[in-house]
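Structure, as structure tokens:
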Amino acid sequence: MAGPLQGVTVIELASIGPGPFAGMMLADMGARVIRIDRIPSPCGGSALEGLMRNDSIVDRGRESIAVNMKDPRGIETVLALIERADILIEGFRPGVTEKLGLGPDVCHARNPRLVYGRMTGWGQTGPLAHAAGHDLNYIALSGAVHAMGPQDRPPAPPLNLVGDYGGGGMLLALGVVAALVDARSSGQGQVVDAAMTDGAAVLMAAQYGLMAKGHWGDARESNFLDGAAHFYGNYECADGRFVSIGSIEPQFYRQLLDKCEITDPHFLQQWERGEWPALKAKLSALFLTRSRDAWCDLLEGSDVCFAPVLAMSEAPRHPHNLARGTFVAPDGVVQPAPAPRFGRTPSELPAPAPVIGRDSTALLRSLGLADGDIAALCESGTVYRPPGAADMPVPLPQRCL
């Protein structure tokens, strides 16, 4: 594996949302990520279970062992893997891993240097810590949801980018890598409590800073970054497609006016908030006079701060994304390439998501179990290996701390 985290071993207790995204980030950067999967239902499960199954692009780069964690022998198997790992990440409600016998105290007794990453919505503490929730609920508590969308409609859900991924999985990945740096110098692991409520709040740092200075209001679509300003927003074009304009700084705003041949003196009142609705209406009418591609021919690549609003089906084909290799398509499956980019230890696209339990036999062998013991664990239902799974041993790396 390439990447700056090569030699680092991560145990991922299978979950949904931010946990798998953190695992993808770590795998993309070269870490070896061993996912502890649930044993699949013989009936295939419900439609929702199929949707949440760990076999998407976000689950690339894993090895998979499927274990019955209600069986003490299954827990012992997981602990044997944890003894040889650098990082563990889990995404259960507070207290669940403790009940399973895989809580931080038990794991640190077996591996004192282990970084134990905990991913939740509300955090390990607080009055909501044990309540159910999803991405939208967690970011709603941070002030982020209230700030998004038009003022005459309910706040717009920002996909699951702010909570699950930006304020959740990415925060967890940063946290466990930071704790790993400390563990290598101190010889001691620690618990990393990553909560989406905290992460979404951190992502709102700039807005809270602007509010403290009196430059941001609570009303939606009343601020310069939330769609109120005419110089920062998306505009429909003659063909029904859209372009984005971000001409905030005066020199960039001047280019917008010059390139669009706008001579109306009204536009000189860029920062007069009371004029924004009227100026926005004028700019909307202007952008409706040409197609999106025509506006691209005029404005793209300039200092106007411009880009076409691309659909997901269009983005991988844009010349800039093609030149940088922002998207890749192994076996025809279009997906984002690993990011960020490293000059000395470049990442490589890891293997696709594994079939659940694909590596069960190999990982058990790497723990020193004989074939007869492995067969007994599989026949008893403690460990699952799918029919036709690869039967090659995969040696665990030596602990690198």
Side-chain angles (χ1 to χ4, degrees), residues 8-15 19-20 23 26 31-42 54 62-119 124 176 180 183 187-192 354-387 389-401:
V8 173
T9 299
V10 179
I11 303 297
E12 175 189 355
L13 303 186
S15 61
L26 298 171
R32 183 184 189 193
V33 182
I34 301 170
R35 193 177 65 212
I36 312 299
D37 277 311
R38 299 173 180 85
I39 293 178
S41 167
N54 300 315
R62 314 302 207 276
E63 295 170 38
S64 170
I65 178 171
V67 178
N68 177 4
M69 289 198 287
K70 294 182 180 179
D71 185 326
R73 294 171 297 176
I75 294 299
E76 182 55 38
T77 299
V78 176
L79 285 170
L81 292 167
I82 289 171
E83 284 184 1
R84 296 161 170 78
D86 303 302
I87 296 168
L88 178 144
I89 57 176
E90 59 97 351
F92 299 109
R93 292 196 211 187
V96 169
T97 57
E98 284 86 348
K99 291 179 181 177
L100 288 172
L102 294 173
D105 291 345
V106 172
C107 292
H108 282 142
R110 302 283 286 261
N111 181 353
R113 299 186 177 196
L114 180 73
V115 172
Y116 195 108
R118 314 197 80 166
M119 183 76 255
Q124 296 297 312
V176 296
L180 180 61
Q188 294 182 319
Q190 61 181 302
V191 173
V192 178
V355 173
I356 289 177
R358 181 195 65 187
D359 307 292
S360 294
T361 297
L363 287 166
L364 291 173
R365 278 185 178 155
S366 70
L367 294 175
L369 273 69
D371 287 349
D373 295 328
I374 293 172
L377 286 172
C378 294
E379 289 168 6
S380 68
T382 302
V383 175
Y384 168 79
R385 56 182 174 187
D391 197 30
M392 296 295 291
V394 180
L396 279 170
Q398 296 294 314
R399 184 179 297 151
C400 59
L401 291 174

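For the single chain, residues carry numbers from 1 onward in sequence order. What you are looking at is a predicted structure, and each value in this text was computed from that prediction instead of being measured. Only this structure's heavy atoms are used, side chains among them; waters, hydrogens and symmetry mates stay out.
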Mind running side-chain contact (heavy atoms from CB on, under 4.5 Å) on Val96 and Leu102 for me, showing each step along the way?
-> CA-CA 9 Å; Val96 169; Leu102 294 173; over 6 Å; no
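- Using a 4.5 Å cut-off on side-chain heavy atoms (C-beta onward), Glu98 and Pro104 make contact.
- For the side chain to side chain contact (heavy atoms under 4.5 Å, CB included) with Ile65, the lone residue among Thr361, Asp37, Leu81, Val78 that qualifies is Leu81.
- Glu12 places no side-chain N or O within 3.5 Å of a backbone atom of Ala14 that could act as its donor or acceptor partner.
- The backbone N or O of Pro354 sits nowhere less than 3.5 Å from a side-chain atom of Ser64 that would complete a donor-acceptor pair.
- Closest approach of Asn68 and Gly381 over heavy atoms only: CB-O, 3.5 Å.
- The shortest side-chain heavy-atom distance between Ile87 and Ile11 does not fall under the 4.5 Å cut-off.
- Looking at Val33 and Glu63, their side chains never come closer than 4.5 Å, going by heavy atoms from C-beta outward.
- Between Thr97 and Phe92, the shortest heavy-atom contact is CG2-CD1, 3.6 Å.
- Taking both residues in full, the closest heavy atoms of Ile39 and Thr382 are given as CD1-O, 4.0 Å, listed atom of the first, atom of the second, then distance.
- When all heavy atoms of Leu114 and Cys107 are compared, the closest pair comes out as CD2-CB, 3.7 Å.
- Atom CZ of Arg118 is separated from atom CG of Leu88 by 9.5 Å, given to the nearest 0.5 angstrom.
- Looking only at side-chain heavy atoms (C-beta outward), Tyr384 and Pro40 come within less than 4.5 Å of each other.
- Taking both residues in full, the closest heavy atoms of Val106 and Gly101 are given as CG1-O, 3.5 Å, listed atom of the first, atom of the second, then distance.
- For Asp359 and Arg62, the salt-bridge test fails: no basic side-chain N is under 4.0 Å from an acidic carboxylate O.
- Across Arg113 and Ala183, no two heavy atoms sit closer than the pair O-CB, 3.9 Å.
- The salt bridge (Lys or Arg N to Asp or Glu O under 4.0 Å) analysis of residues 372-381, with sequence neighbours excluded, yields no pairs.
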Check step by step if side-chain contact (heavy atoms from CB on, under 4.5 Å) holds for Leu364 and Arg385.
-> CA-CA 11 Å; Leu364 291 173; Arg385 56 182 174 187; over 6 Å; no
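- Looking at Asn111, its side chain does come within 3.5 Å of a backbone N or O of Ile82 through a donor-acceptor pair.
- With values rounded to the nearest 0.5 angstrom, Ile36 atom CD1 is found 12.0 Å from Ser15 atom OG.
- Under a 3.5 Å cut-off, the side chain of Thr9 and the backbone N or O of Arg32 do not form any donor-acceptor pair.
- Annotation: salt bridge (Lys or Arg N to Asp or Glu O under 4.0 Å) contacts involving residues 66-78, sequence neighbours excluded, comprise Asp71-Arg73, Glu76-Arg110.
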Output, in order, the C-alpha distance, side-chain angles, deciding distance and verdict of side-chain contact (heavy atoms from CB on, under 4.5 Å) for Leu367 and Leu363.
-> CA-CA 7 Å; Leu367 294 175; Leu363 287 166; 5.9 Å; no
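- Considering CG of Asp105 and OH of Tyr116, their distance stands at 9.5 Å, rounded to 0.5 Å.
- Ionic pairing of Arg35 and Glu90 is not present here: no N-O contact between side-chain nitrogen and carboxylate oxygen is shorter than 4.0 angstrom.
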